[in-house]
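To start, the structure under review is shown below, and the notes come after it.
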Amino acid sequence: MPLRFVIIGGGPAGVAAATYAARLGAEVTVIERDVLGGAANLWDCIPSKAMIATGATFNQVDEAGSMGVDVADASVHLDSVRQRIEAITTSLAKSNRTLLESQHVNLVEGTGRLVDPHTVVASLADGTEVTIEADAVLVSTGSRPRIPEWAEPDGERLLTTRDAYPPPELPEHLVVIGSGVTGVEFVHMFSSLGSRVTLIVSRQQVLPQKDPEVAAVLEEDFLARGVHLLKGARAVGVDRNDDASLTVRCDDGRVVTGSHALLAIGSIPNTEGVGLVEAGVAMDGLWPKQLDHHLRTNVPTVYLAGDVSGKLPLASVASMQGKKIAEHVMGLHIVEHRHLDYDKAASAIFTEPEIADVGLAEADAFAEGRKVRVTKVPFATTAKALINNDARGFVKIISDPATGVVLGGSIVGRHAAELISVLAVAVTAGLRVSDLADSLLVHPALAEALAEAAE
């Protein structure tokens with residue numbers, strides 16, 4: 001009898017786990033209440049990047065004159081943007097469904113919950129319930145925006161991130177609350193589309209967890225766009241005014257008034273109502289108390305992946321978690337093997353310029369007292385950056401001075417999200433800087449800065 005594997009949540013982790021487990025011979029059931037692909041496709045990653053791409057195109061048209069091209073006045077049509085985003089997400093969801101159906105995965109449209117370590121109940125849209133027996137269960141139900149006690153989003157003026165792809169109307173003046181990855185992407189997105197933007201920054205730099213040099217390049221771009229940075233301020237309240245505007249109050253007494261405000265202050269996992277406690281999983285509030293290297297809870301048959309795992313909240317990480325869990329469920333990794341190393345995960349921020357990093361950060365190395373070699377090359381020295389009319393940013397490589405092994409790196413500039421893949425492979429494979437420096441790369445190309453930084 002095939003192993004029965006039930007997955008609650010068809011996002012990146014769920015789809016990857018289902019695909020790999022089915023290929024390995026499991027009888028797989030995926031329970032999903034919305035659209036296959038999860039929040040990353042529906043409300044987060046894909047829609048936001050689609051809007052950012054629209055903003056980038058709009059900016060390129062606006063700057064075409066500097067490239068020797070005369071263009072007529074351009075404008076943004078939100079209805080067309082909305083239709084484009086819906087077409088993209090629908091296409092991706094269809095692709096996921098086709099993939100799973102080709103692997104003979106049983107797809108159940110509904111909400112799943114554990115009732116014990118081996119039993120899952122799916123509540124369907126018509127009010128009926130289906131009981132499914134399982135030898136292993138993966139919970140990958142994602143997360144939702146965190147909403148503070150002092151805010152009541154209405155989807156029109158006070159927005160969460162999921163109200164903004166796109167919003168009902170283009171904000172005249174958007175106040176973004178939160179200067180982490182999500183917040184700065186929204187600042188870039190709406191300033192590109194023509195909105196006036198104020199960013200409330202609780203620390204003294206945007207992206208407080210990132211390299212200060214990286215943050216400085218982004219802040220310089222924001223200021224050049226006319227973005228107002230309200231630093232050292234933490235939002236504590238939002239008031240609706242008689243003229244339909246909003247006023248955001250900060251803990252230091254400062255206030256800022258705009259036509260719209262956007263909450264971008266993190267997310268919380270969707271672990272309530274899925275039966276984790278009922279199945280015996282030890283929880284610390286919304287988070288699991290225990291997860292081993294296989295993403296297995298204290299209950300041997302129950303696994304967690306994606307945002308509910310408490311690891312890096314990245315779709316790429318969730319997908320790899322799903323693959324690893326499927327392999328373990330199917331008995332391929334009973335003994336020790338190469339586990340996921342979250343410190344080597346590449347990440348990117350889709351602002352303009354793009355920001356990407358992987359592995360050991362320079363600030364962390366110095367904080368640990370670790371000896372490292374840091375090399376930095378600005379894109380202004382590369383021919384392709386000048387051809388692109390965008391010489392902002394740099395490549396920075398962190399390596400071991402004794403062995404030359406690449407430990408990490410940061411890239412700020414056009415196509416940084418693509419270029420970081422080279423450094424990600426180097427970090428994961430333990431390559432040396434000489435391996436990069438000796439590579440025969442394309443000329444002219446932005447990647448030449450990688451080889452130069454490796455010399």
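Note that these values count all heavy atoms, side chains included, but never hydrogens, waters or copies made by symmetry. Start at 1 with the first residue, then count along the sequence.
- In summary, Asp364 and Arg370 do not engage in a salt bridge, as defined by a charged side-chain N under 4.0 Å from a carboxylate O.
- Remark: side-chain polar atoms of Asp284 are not paired, donor with acceptor, to backbone N or O of Pro288 under 3.5 angstrom.
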**Item:** side-chain contact (heavy atoms from CB on, under 4.5 Å) between Thr297 and Leu304, intermediate numbers included
**Value:** CA-CA 7 Å; Thr297 68; Leu304 299 182; 3.8 Å; yes
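- At a threshold of 4.0 Å, the pair Arg414-Glu352 does not count as salt-bridged, since none of the basic side-chain nitrogens sits closer than that to a carboxylate oxygen.
- Interatomic distance, Ile411 CD1 to Glu354 CD, rounded to the nearest 0.5 Å: 10.0 Å.
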**Request:** Evaluate the criterion side-chain hydrogen bond (donor to acceptor under 3.5 Å, both in side chains) for residue pair Ser259 and Ser245; output intermediate values, then yes/no.
**Result:** CA-CA 5 Å; Ser259 62; Ser245 66; over 6 Å; no
**Prompt:** Is there a side-chain contact (heavy atoms from CB on, under 4.5 Å) between Asn59 and Ser192 once you walk through the steps?
**Reply:** CA-CA 6 Å; Asn59 284 180; Ser192 295; 3.3 Å; yes
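- Distance CG/Asp343 to CG/Leu360: 8.5 Å, rounded to 0.5 Å.
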**Asked** Where do Leu174 and Arg196 land on the side-chain contact (heavy atoms from CB on, under 4.5 Å) test, with the steps shown first?
**Response** CA-CA 6 Å; Leu174 178 67; Arg196 186 157 57 97; over 6 Å; no
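- By the 4.5 Å heavy-atom criterion applied to side chains, Asn298 and Lys289 are not counted as neighbours.
- One finds no salt bridge joining Glu272 and Arg113 here, because no Lys/Arg side-chain nitrogen approaches an Asp/Glu carboxylate oxygen to under 4.0 Å.
- Annotation for Lys94: atom NZ does not count as buried by contact number, only 12 or fewer foreign heavy atoms lying within 6.0 Å.
- Within a 6.0 Å sphere centred on CD of Glu109, heavy atoms belonging to other residues, nucleotides or ligands number 12 at most.
- By the neighbour-count criterion of 12 heavy atoms within 6.0 Å, atom CD of Glu129 is densely surrounded, having more than that number from other residues, nucleotides or ligands.
- The closest side-chain heavy-atom distance from Leu218 to Val184 is below 4.5 Å.
- Within 6.0 Å of CZ in Arg254 there are more than 12 heavy atoms belonging to other residues, nucleotides or ligands.
- Partner Val30 forms a side-chain contact (heavy atoms from CB on, under 4.5 Å) with one of Leu36, Val15, Val6, Asn106 and no other, that one being Leu36.
- The aromatic rings of His328 and Tyr303 sit perpendicular, their planes meeting at an angle over 60°, well past the 30° parallel limit.
- Arg249 places a side-chain heavy atom less than 4.5 Å from the side chain of Asp239.
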**Item:** side-chain contact (heavy atoms from CB on, under 4.5 Å) between Val35 and Thr89, intermediate numbers included
**Value:** CA-CA 9 Å; Val35 178; Thr89 57; over 6 Å; no
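- By the neighbour-count criterion of 12 heavy atoms within 6.0 Å, atom CE of Met283 is densely surrounded, having more than that number from other residues, nucleotides or ligands.
- Put simply, CG on Leu114 and OG1 on Thr119 are 8.5 Å apart, with the number rounded to the nearest 0.5 Å.
- With values rounded to the nearest 0.5 angstrom, His260 atom NE2 is found 8.0 Å from Leu246 atom CG.
- In this structure, His228 and Leu223 have side chains that are not in contact, with every pair of non-hydrogen atoms separated by 4.5 Å or more.
- No side-chain heavy atom of Val277 sits under 4.5 Å from any side-chain heavy atom of Val281.
- The closest donor-acceptor contact from the side chain of Ser102 to the backbone of Leu99 lies under 3.5 Å.
- Atom OH of Tyr20 has 12 or fewer neighbouring heavy atoms from other residues, nucleotides or ligands inside a 6.0 Å radius.
- The distance from atom CH2 of Trp287 to atom CG of Leu276, rounded to the nearest 0.5 Å, is 12.5 Å.
- Looking only at side-chain heavy atoms (C-beta outward), Leu262 and Ile177 stay at 4.5 Å or farther from each other.
- Salt bridge Lys396/Glu362: present, at least one basic N to carboxylate O contact under 4.0 Å.
- Remark: the backbone N or O of Pro171 is paired with a side-chain donor or acceptor of Ser195 at under 3.5 angstrom.
- The pair Asp79-Arg82 meets the salt-bridge criterion, with a side-chain N (NZ, NE, NH1 or NH2) lying under 4.0 Å from an Asp/Glu carboxylate O.
- Within the 4.5 Å cutoff, the side chain of Cys250 has no heavy atoms near those of the Val236 side chain.
- The environment of Arg234 atom CZ is sparse: at most 12 non-hydrogen atoms of other residues, nucleotides or ligands sit within 6.0 angstrom.
- Residue Glu133 places its CD atom among more than 12 non-hydrogen atoms of other residues, nucleotides or ligands, all under 6.0 Å distant.
- A 4.5 Å side-chain heavy-atom check between Ile268 and Leu286 finds at least one atom pair inside the cut-off.
- For the atom pair CZ of Phe5 and CG of Asp135, the computed distance is 10.5 Å after rounding to the nearest 0.5 Å.
- Electrostatic pairing of Glu220 and Arg225 does not count as a salt bridge here, judged by no charged N lying under 4.0 Å from a carboxylate O.
- Scanning all heavy atoms of the two residues, the minimum distance from Gly178 to Ile265 falls at CA-CG2, 4.2 Å.
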